[in-house]
Asks: 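Shown below is the structure under consideration.
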Number of protein chains: 2
Amino acid sequence: MSAPTRTTPHTSSRAAVLDVIRAAGTISRVSLVNATGLTGATISTVVRGLIDDGLVQETGRAASTGGKRRVLLQLNPAARYAVGIHLDHADITYVVTDLAGAVVARISRPGAGNAAPEAVVQRMTDEAWALVASADVDRERLLGFGLVFPGPLSANEGMAITPPAMRQWADFPLGHEMRRATGLPVVLDNDATAAALGEHWSGGVDLPPTFAALYMGSGIGAGLIVNGISYRGSSGNTGELGHICLEMDGPECWCGARGCLEVLAGPAAVVAAARADRRLARAAGLSRRDRNPDQSVIPDFAAVSRAARRGDEGALALLERSARYVAVAVRNLANIMDLEAVVLTGPSFAIAGPSYLPAVERELDGMFFARANHTVEMRLSRAAATAPAIGAAAMVLQSELVPLHSGLRLPENLQPSEPPLSPAS
Amino acid sequence: MSAPTRTTPHTSSRAAVLDVIRAAGTISRVSLVNATGLTGATISTVVRGLIDDGLVQETGRAASTGGKRRVLLQLNPAARYAVGIHLDHADITYVVTDLAGAVVARISRPGAGNAAPEAVVQRMTDEAWALVASADVDRERLLGFGLVFPGPLSANEGMAITPPAMRQWADFPLGHEMRRATGLPVVLDNDATAAALGEHWSGGVDLPPTFAALYMGSGIGAGLIVNGISYRGSSGNTGELGHICLEMDGPECWCGARGCLEVLAGPAAVVAAARADRRLARAAGLSRRDRNPDQSVIPDFAAVSRAARRGDEGALALLERSARYVAVAVRNLANIMDLEAVVLTGPSFAIAGPSYLPAVERELDGMFFARANHTVEMRLSRAAATAPAIGAAAMVLQSELVPLHSGLRLPENLQPSEPPLSPAS
């Protein structure tokens, strides 16, 4: 028989200690020994190094429990910063966060549109540095850039199969080019995975440590957080919920398969159905011509959503239908992952979330198989538009904070030496 | 903002060291320091305790690298044993494994049938102790029992929503009763999750550390292994693949939802369709009367499978149709979990696997979204009938070997004090 392989912790004591201090808020060295299982001598050495590097500071003493009052340690949030960038067709969103994940600066700029990837990389670099400067953050304290975008990651650090509006990005070596332009480490990921991490770190909605973020921008994806850490699968492409099949012989999707959630119920499907209904198209103020695949679908989706809010029955029916499919996809996700909660996030839920949430909850009620044990809580994000950028910054911070054990794969490309993103198997 | 919570390692050094020794085969204390990140002093203390308890033994010295030749350590497989029991309607399968997971004894006995759960618990206890005695295993060295069965786990340690043939088990406090009958710790889980762990430990098929086992017995489920550890979700009910929806308005399933994989394509659906075709029913030798819900469907499914192997076109078409749905479910699972491999296992794939494997592979080819990065390898188990029992024993061993950190939840009920299986959230 073969012995099961397991990644074992090594050179991770420092990251483990730092993460425990971050999660605890304030903690003594003795409590760190209890929390980590490391010896007092190891804790002493590691903490001295963290203080020398400015990552941790002493902050007074705990209340006496009889003996000597213990010195408390806490994270120094201003010790390090990270930039998070959410690259999309319609918008590019930037945040700068400190070591604790608090947003110290944010800005939104025009999206990639149809510009050449090389030009967009240069613009993102300029806009990010300008934001860092405006926040008065010392470049020396910047750990790196997190950059997230639609579509799956490829082994050469770009988007492998791009959605229609971003075809020119296919196989563009985005990680390499961003690293060259910024001179700093760059972590890549897809927007849905980052959005989930952003929801977890931003804490705007009460979420358990294991949940999924259902992300709807132009397309649909899901980010999976297991005990506070992104579940990344074998190639960093988990949660491709937009391309699970809900109708075996359904319509063909741009990805090449049939009956995908996205082609049945995504924003483009809603807009196409609205445009096919001439009365609704006029009432919602949709553009006459068919959607140009180079244009973002989000403005037209917003128009349909506004019509629904005005009580237009045709628009309401289209969103209800979309919500039914979304609910079935959530059911499938919850039955596979045994989730406690799902948060609706991303630009399209920022627009239409209030129309979706009750419909999804209604459909989901009673159809979740593990319902005898627990329900799946549905929540609408309060940071739906910025969650992916916050998550992008958090990925950079986690690479400093989270020990590289734990059976969950972390981004492997946070090194200036540019290894492949994820080895193709 | 809220600080992300993370389970931190504590009192886990012993388990971590033991697991590293197990995975390594043989290893020196110096290599243990490098592999675990613990100090030399800690390793020295932990190893002394493991040797004193008989779990680890010294086994000669490594080749010299210039200095003193290092003493090598290895697991003592005979130090501890575990019993794995796979409880099903048609059969009950028992294995005894040593600390390394090797099967030292196995036996199959009649299934639960329609007997009262209390009587079955007593019989399982008697049959398990008889197997332990026949293997000449000292009861003192038995860590406990792993017991796996169809259907989701409930918070009161039984099957919450039972499949039709096991209705009398609903809400029976199985964990409690088995603990009382055996006087030892008992770990519960569903058969699909255990089958995945069994595939991983038995090593009969070459599998990467992250994969899914698609289990087909009377029903369909999936077990998920992430870096060698079972992914257990929020209530131990992951991988309910039989109840993901593949047709929103499809036929009603016994679970109460519509269009589930199981009602569309499971063994009972195949048998029902075969029985509806009078020529095929006669050719396959199916019983005339409609299936009694108290009877196992597996013998009739085997009859259809034999007809297909004889080239009966009607039987072939039914299995092809089932395989198409199974392929779509695998696609959905792979798109959500980003899997590298899926192994077909369980009694029904032991019977019909060779008919399914090519059909599933054909359907899956080209429809996996992350295909630009990697394919999903499909494999047919070589231990499809015993994988759940081996996995049940492995769950007991893992509770000794795997550190309780890692962001992945382990069974929480391996204590004689009978805490709730998993707190309802």
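Numbered from 1 within each chain, the chains take letters A, B, ... in sequence-line order. Remember, predicted model here, so these are calculated numbers, not experimental data.
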Asks: Search all heavy atoms of E252(B) against all heavy atoms of V263(B) and return the closest pair with its distance.
Replies: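 Scanning both residues, the minimum pair turns out to be O-CG2, 3.4 Å.
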Asks: Look at T39(B), L333(B), I225(B), L261(B) and state which one has the largest set of heavy-atom pairs under 4.5 Å with chain A.
Replies: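 Heavy-atom pair counts peak at T39(B).
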Asks: Which answer fits Y325(B), side chain, backbone, both or neither, if we ask what part of it has an atom under 4.5 Å from a heavy atom of chain A?
Replies: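 Both backbone and side chain.
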Asks: Please tell me if the side chains of W201(A) and L397(A) come closer than 4.5 Å, counting only heavy atoms from C-beta onward.
Replies: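 They are in side-chain contact.
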Asks: So for L224(A), is it side chain, backbone, both, or neither that comes closer than 4.5 Å to the heavy atoms of chain B?
Replies: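 Interface part for L224(A): side chain.
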Asks: Considering only heavy atoms and a distance below 4.5 Å, find which of L246(B), T45(B), L38(B), L241(B) pairs most often with chain A.
Replies: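 Max contact count across the listed options: L246(B).
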Asks: Donor-acceptor pair, N335(A) side chain versus I244(B) backbone, under 3.5 Å?
Replies: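 Not at all, since once roles are kept as given, no pair shorter than 3.5 Å links the two residues.
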Asks: For I220(B) and E262(B), which heavy atoms make the closest approach, and how far apart are they?
Replies: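 Nearest pair, atom of I220(B) first, then E262(B): N-OE1, 3.1 Å.
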Asks: Could you check which of M337(A), E377(A), E247(A) has the highest count of heavy-atom pairs closer than 4.5 Å to chain B?
Replies: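 The answer is M337(A).
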Asks: Counting only heavy atoms closer than 4.5 Å, note whether C253(A) contacts chain B via side chain, backbone, both or neither.
Replies: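 C253(A) has no heavy atom closer than 4.5 Å to chain B.
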Asks: Indicate yes or no for a side-chain donor-acceptor contact from R321(B) to the backbone of L264(B) under 3.5 Å, with no hydrogens or angles considered.
Replies: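 Such a contact is found between R321(B) side chain and L264(B) backbone.
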